[in-house]
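Structure first, then comments.
Counting begins at 1 with the first residue of the sequence. As a basis for the values below, the full set of heavy atoms in this structure was taken, side chains included, without hydrogen atoms, waters or symmetry mates.
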Amino acid sequence: MKKNETGLIKSIKAAAAIVCLAAAVICFLTGTIKLTGAKESYTFLKNDTFYRVTDALEEEYEDETVCPVEFITADEEYTLVCNFTYEQWEALPGDAEIEGYIYVSESGGCLTFAEEPTQKDIKKAERNKNADAYSLYFGIGMAALLAGVGIGVITVFGKFFTAYEQIWFVSILLLAAVFSIIFPEESSNGVNGLIIMALYLLDTFLNILCELLISKQSKWNFIVSVFVELAEIAICIVLMYRFATLASTLFFWLPCDIISFINWHKHPDREEEELTVVRTLKGWQEVLIIASIFVWTIGVGYFLTTLDLGSDFFKSRTIEVIVCYMDACVSAVGIVNGVFILLRLREQWIAWYIDAILEGIINILSGQYVLLILKLGYLTNTTYGYIKWTKYIKSGKK
């Protein structure tokens with residue numbers, strides 16, 4: 001009876017994975033067909049005067065690199081969005097008006113330009129408009145792909161994970177998939193929002209898989225972690241932010257993962273070789289570590305606030321400064337966490353608690369709501385991992 005139930009559950013999981021992957025393929029194909037078949041011919045309609053819609057108080061820019069301002073025609077039929085530098089935006093009068101070029105298609109589509117466009121400009125504007133119109137297909141496709149791959153993993157490696165671990169893993173992935181549809185990511189620094197969201201979802205998948213393997217005292221978490229670092233480096237580069245995290249990931253975490261894998265491989269449990277022997281830290285060492293984190297946060301955080309790398313990701317200079325200091329603290333706590341993992345110390349879970357909370361605050365300030373699901377996964381799995389490691393240490397296994 002038990003074998004039949006196990007086989008039935010495995011069949012259900014396999015079917016669910018296939019359905020999700022099939023849905024992803026259908027969404028991607030539909031979006032691609034609609035996008036490639038949506039090409040139209042735009043012709044010049046007229047020049048018209050566009051008037052500023054919002055004032056400076058409503059736009060609330062604080063030293064941004066790019067400041068988009070919306071304009072509208074007197075009859076409110078056509079809209080034009082122009083990008084200004086912060087200095088240009090500051091000098092822009094509240095009743096500003098500009099002359100714009102209006103192009104229309106036979107199907108009623110409309111494109112507006114602040115300067116007379118070339119054919120290349122028209123094609124680029126049409127491509128961006130169509131990408132926005134059909135982005136939902138690709139967004140749902142990515143969400144379905146994430147769910148399908150996640151369910152596929154727990155189907156293939158089901159014997160390695162407990163029922164709780166499988167439920168936790170799939171639940172976090174499904175929540176991330178839903179949030180990616182509800183809160184789609186906007187384009188930033190010239191990178192399409194779909195690409196940014198794809199990186200977020202990849203980061204979520206790899207991170208929770210890595211976290212689960214750490215809680216199981218498995219050395220293979222470090223192999224997955226290498227791909228985690230690569231995904232997070234890509235996110236930092238694309239968004240041009242969190243350079244303390246980028247540096248610590250590149251110069252600390254990548255080599256630390258390799259060294260940690262070797263160290264954990266050398267300390268298997270005598271009774272269960274798939275487990276690694278873990279231990280705990282002494283009190284005076286914790287005081288030194290906390291002091292070091294404080295000094296690092298102040299020094300590196302101040303240095304980051306002096307950099308101006310031209311990112312348009314943040315909508316406020318105040319938020320950018322806050323994130324700089326929090327990023328410095330996260331990088332310090334992350335390094336401590338990495339050392340603790342390398343040395344197989346239980347306190348790495350406490351460091352990870354702090355890291356997850358700070359990361360969550362940064363995600364809220366940055367509007368990265370889909371990544372909050374990842375932080376929820378961190379906090380729940382950190383509790384689970386801390387309990388498992390504590391039980392192991394108290395059991396007296398060597």
Side-chain angles (χ1 to χ4, degrees), residues 27-28 30-140 181 183-197 238-240 310-316 367:
C27 287
F28 286 136
T30 304
T32 302
I33 292 171
K34 287 183 174 293
L35 188 59
T36 54
K39 293 181 179 179
E40 297 184 279
S41 176
Y42 284 83
T43 57
F44 176 71
L45 177 64
K46 63 177 180 178
N47 285 98
D48 206 339
T49 303
F50 290 77
Y51 302 90
R52 188 175 184 180
V53 177
T54 54
D55 58 28
L57 290 177
E58 293 175 295
E59 291 158 354
E60 293 185 337
Y61 296 123
E62 295 184 25
D63 199 23
E64 270 79 5
T65 305
V66 179
C67 303
V69 178
E70 184 179 357
F71 294 82
I72 196 169
T73 55
D75 58 7
E76 300 186 358
E77 185 175 357
Y78 302 102
T79 301
L80 172 63
V81 177
C82 295
N83 292 325
F84 297 91
T85 65
Y86 182 76
E87 291 73 20
Q88 291 172 331
W89 174 78
E90 272 194 315
L92 196 67
D95 57 351
E97 57 184 63
I98 58 175
E99 290 297 314
Y101 296 79
I102 302 172
Y103 283 72
V104 294
S105 66
E106 293 182 359
S107 65
C110 173
L111 298 174
T112 54
F113 302 88
E115 298 178 355
E116 186 172 3
T118 63
Q119 282 299 315
K120 185 177 180 180
D121 294 330
I122 294 174
K123 288 181 179 179
K124 181 179 179 181
E126 181 188 9
R127 186 167 59 249
N128 291 337
K129 181 179 180 180
N130 290 337
D132 291 338
Y134 302 118
S135 62
L136 182 60
Y137 290 100
F138 296 100
I140 295 175
I181 298 172
F183 300 105
E185 196 65 27
E186 295 181 359
S187 299
S188 180
N189 302 321
V191 179
N192 189 279
L194 288 172
I195 296 176
I196 297 173
M197 181 58 74
V238 165
L239 299 182
M240 296 179 65
S311 173
D312 61 0
F313 182 67
F314 294 106
K315 304 303 180 185
S316 165

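Between Ile196 and Leu239 there is a side-chain heavy-atom pair separated by less than 4.5 Å. Side-chain contact between Val238 and Ile195 is absent, with no heavy-atom pair separated by less than 4.5 Å. The closest side-chain heavy-atom distance from Tyr137 to Thr32 is not below 4.5 Å. Between Ile122 and Leu111 the shortest side-chain heavy-atom distance falls below 4.5 Å.
With rounding to the nearest 0.5 Å, the separation of OH in Tyr51 from CG in Leu80 is 13.5 Å. Between Ser41 atom OG and Glu126 atom CD the span is 8.5 Å, to the nearest 0.5 Å. Here Leu92 contributes atom CG and Cys82 contributes atom SG; the two are 9.0 Å apart, rounded to the nearest 0.5 Å. Separation of atoms CD (Glu115) and CG (Asp121) is listed at 9.0 Å; rounding is to 0.5 Å. The structure places CZ of Phe50 at 11.0 Å from CD of Glu70, a figure rounded to the nearest 0.5 Å. Considering OG1 of Thr118 and NZ of Lys124, their distance stands at 10.0 Å, rounded to 0.5 Å.
For the pair Tyr134 and Lys34, the tightest heavy-atom approach, listed with the atom from each and the gap, is CE1-O, 3.7 Å. When all heavy atoms of Met197 and Glu185 are compared, the pair lying nearest together is CE-N, 3.7 Å. Considering every non-hydrogen atom in both Gly139 and Leu194, the closest pair reads N-CD2, 4.0 Å.
The salt bridge (Lys or Arg N to Asp or Glu O under 4.0 Å) test applied to Lys46 returns Asp48, not counting sequence neighbours. Checked against side chain to side chain donor-acceptor pair (under 3.5 Å), Asp95 has no partners two or more places apart in sequence or in another chain.
A donor-acceptor pair under 3.5 Å is absent between the side-chain atoms of Thr79 and the main chain of Ile72, judged by distance alone. A donor-acceptor pair is defined here as one N or O able to donate and one able to accept, closer than 3.5 Å; such a pair exists between the side chain of Gln88 and the backbone of Thr85.
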Distance-only criterion, 3.5 Å: show the donor-acceptor pairs between side-chain atoms of residues 98-106 and protein atoms not counting sequence neighbours.
residue, atom, partner, partner atom, Å
Glu99, OE2, Thr49, OG1, 2.6
Ser105, OG, Glu40, OE2, 3.3
Ser105, OG, Ser107, OG, 3.2
Ser105, OG, Gly109, N, 2.9

Go through the steps for Val81 and Phe71 under the test side-chain contact (heavy atoms from CB on, under 4.5 Å), then give the verdict. CA-CA 6 Å; Val81 177; Phe71 294 82; over 6 Å; no
Go through the steps for Cys27 and Phe138 under the test side-chain contact (heavy atoms from CB on, under 4.5 Å), then give the verdict. CA-CA 6 Å; Cys27 287; Phe138 296 100; over 6 Å; no
